[in-house]
S.K.: 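Below you will find the structure I want to go over with you.
Quick note: numbers below take in every heavy atom, side chains included, and nothing from hydrogens, waters or symmetry partners.
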Amino acid sequence: MSLRITLRTTGRVLNQIRHDPRTIALILLVPSLLLVLLRYIFDSQPAIFDRIGLMMLGIFPFISMFLVTSIAMLRERTTGTLERMLTTPLHKLDLLLGYGIAFAVLAALQATVATSVAYHLLDLDTEGSLGTVMGIAIGDAVLGSAVGLFTSAFATSEFQAVQFMPVVVAPQILLCGLIWPREEMIGWLQAASDVLPLTYAVDALLEVSAHTDATDQMWRDVAIVVGATVVALLLGAATLRRRSG
Amino acid sequence: MANAIQVDDLVVHRGGKPVLRGISCAVASGTVTGLLGPSGSGKTTLMRAIVGVQKVRSGQVTVLGLPAGSPRLRRRIGYLTQDPSIYADLTVRENARYFASLYGTGRRAADQAVVDVGLGDAAKQLVSTLSGGQHARASLACALLAEPDLLVLDEPTVGQDPVLRHDLWQQFHALAATGTTLLVSSHVMDEASRCDRLLLLRDGGLLADDTPDELRRKTDTNDLEESFLRLILALRDQPVEVA
């Protein structure tokens, strides 16, 4: 492990994205546009927008960073750059953390735009602070990156990689409490929901929604999201094999 | 002279088929050794085994006195893959500087390596906009700037114009003169004459391990292409014993 190599890898990943303005625009603007859409869907029920819109602030960064990271990592594998990297002094964790930090930076920008739009233009209302919501959104993005890094190991083409989105992400969105309260779900679905990390990401946001100050439950949720991120990164490192057949 | 690479009875299977059938050879330090043979003869697989990214079935590969793939070797080996493996969505210079940071060689070395492969004018160009030959050279620059003890170059001069190829070979020899060991694969026989020593591979077996002059003398021809052919024909009637 080397801090210098990790940070240079972060710089390299950000440089790659810098050369792709359309991707930057999509990452920064799409969540905000979808929030506008939601705001007017629930035009007659602002309280529902306060709940759904807030949850989406945590779900968007998870989805977009999952997709971007899994494709980026798949490209490293298919173009041979990964194999070449692994013959250099670069440590596997340098690579994974380098990616994680790069996408955390992007997620921070995305979350700044989306939360600003939600609070200032769309009148989203929460008891807790905007800063806390942004912090949780960034954590969700890094979780998405880590899960994306791991799942990319199971894809051999970009076709497969995008199909992992419905497999890995969609169930988490359906079960996290977005479309129906978790406590009203049938028992085994609640149990499934309990082991999916996005559930805690969304729950943390709902805590911010209901309480002015950070609650113990929110901290517990954040800790679980961080823990799941670390586990996904370690699993990801295990999939990076230096030798292949 | 000590050997930079020692290969003992190396057997590699890929996709269930034998690709290397028990190869033994050595590469002396500070030399330019050519690895020649037709496409599919096992050149790339042998190189992958030497840099430590190939799963091997049996046999041993020792590089700079350590087992191939040892973490300590990663700082001392530069590897150029056959398909240029650099980032297409970065500029040439950004690629070089990133690789330089991995080896800790610094920005100046990176910029110099880009100039050395004749891409000084294209340094700010995105790799995806380069021609095939330029792309390959950009990838080569990233291998050279490792300032390694051993450079493993898989077909570094494919598709390059003759003047550039000449320059690159001069650079390879200049590196060897400073003590760097180079293993260079090619399927172009006219490059063979530029090597200090040749390893000829065919069908996963080692056909010859000689200097170009010895090879010419033994096969009684001045043309290395012809030498290769005569070696194959000589062996056809008496099948090689392979693992």
S.K.: How far does CZ of Phe99(B) sit from CZ of Arg12(A), to the nearest 0.5 angstrom?
M.R.: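 Atom-to-atom, Phe99(B):CZ and Arg12(A):CZ are 8.0 Å apart.
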S.K.: Please tell me whether Ser139(B) and Arg84(A) have a donor and an acceptor in their side chains that are separated by less than 3.5 angstrom.
M.R.: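 The criterion, which ignores hydrogens and geometry beyond distance, is satisfied for Arg84(A) and Ser139(B).
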S.K.: How far apart are the closest heavy atoms of Thr88(A) and Arg74(B), and which atoms are they?
M.R.: O-CD, 3.1 Å
S.K.: Name every donor-acceptor pair, under 3.5 Å, that has one atom in a side chain of residues 21-40 of chain A and the other anywhere in the protein, sequence neighbours excluded.
M.R.:
| from | atom 1 | to | atom 2 | distance (Å) |
| --- | --- | --- | --- | --- |
| Thr23(A) | OG1 | Asp20(A) | OD1 | 3.4 |
| Thr23(A) | OG1 | Asp20(A) | OD2 | 2.6 |
| Arg39(A) | NH1 | Asp43(A) | OD1 | 2.7 |

S.K.: Once you round to the nearest 0.5 Å, how far does CD1 of Ile17(A) lie from CG of Asp89(B)?
M.R.: 9.0 Å
S.K.: Could you tell me which of Val12(B), Val51(B), Leu90(B), Val53(B) has the largest number of non-hydrogen atom pairs under 4.5 Å with chain A?
M.R.: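 Going by pairs under 4.5 Å, I would pick Val53(B).
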S.K.: Quick one: do Gln54(B) and Arg242(A) satisfy side-chain contact (heavy atoms from CB on, under 4.5 Å)? Show the steps, please.
M.R.: CA-CA 8 Å; Gln54(B) 176 66 52; Arg242(A) 285 186 200 273; over 6 Å; no
S.K.: Quick one: what part of Arg241(A) sits under 4.5 Å from any heavy atom of chain B, side chain, backbone, both or neither?
M.R.: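 No part of Arg241(A) comes within 4.5 Å of chain B.
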S.K.: Looking only at heavy atoms, what is the nearest atom pair of Leu102(B) and Pro89(A), with distance?
M.R.: O-CG, 3.5 Å
S.K.: Any idea which heavy atoms bring Arg243(A) and Lys55(B) closest together, and the distance?
M.R.: O-CE, 3.9 Å
S.K.: Can you say whether Leu126(B) sits under 4.5 Å from chain A via the side chain, the backbone, both, or neither, judging by heavy atoms?
M.R.: side chain
S.K.: Of all of Arg18(A), His91(A), Glu83(A), which one pairs up most often with chain B through heavy atoms under 4.5 Å apart?
M.R.: Glu83(A)
S.K.: Which distance, rounded to the nearest 0.5 Å, do you find between the OG1 of Thr81(A) and the CG of Asn95(B)?
M.R.: 9.5 Å
S.K.: Considering only heavy atoms, give the residues of residues 68-79 of chain A separated from chain B by less than 4.5 Å, sorted numerically, with 'none' for an empty result.
M.R.: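 Checking residues 68-79 of chain A against chain B gives Arg75(A), Glu76(A), Thr79(A).
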S.K.: Can you find a side-chain donor-acceptor pair between Ser244(A) and Arg48(B) that sits under 3.5 Å?
M.R.: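 Result is yes, a qualifying pair exists.
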S.K.: Using heavy-atom distances under 4.5 Å, tell me whether Arg4(A) contacts chain B through its side chain, its backbone, both, or neither.
M.R.: side chain
S.K.: Can you tell which part of Ala146(B) gets under 4.5 Å to a heavy atom of chain A, answering side chain, backbone, both or neither?
M.R.: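 Neither part; nothing is under 4.5 Å.
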S.K.: Pairing donors with acceptors under 3.5 angstrom, does anything connect the side chains of Tyr98(B) and Thr9(A)?
M.R.: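 There is such a pair (donor and acceptor under 3.5 Å, judged by atom type) between the side chains of Tyr98(B) and Thr9(A).
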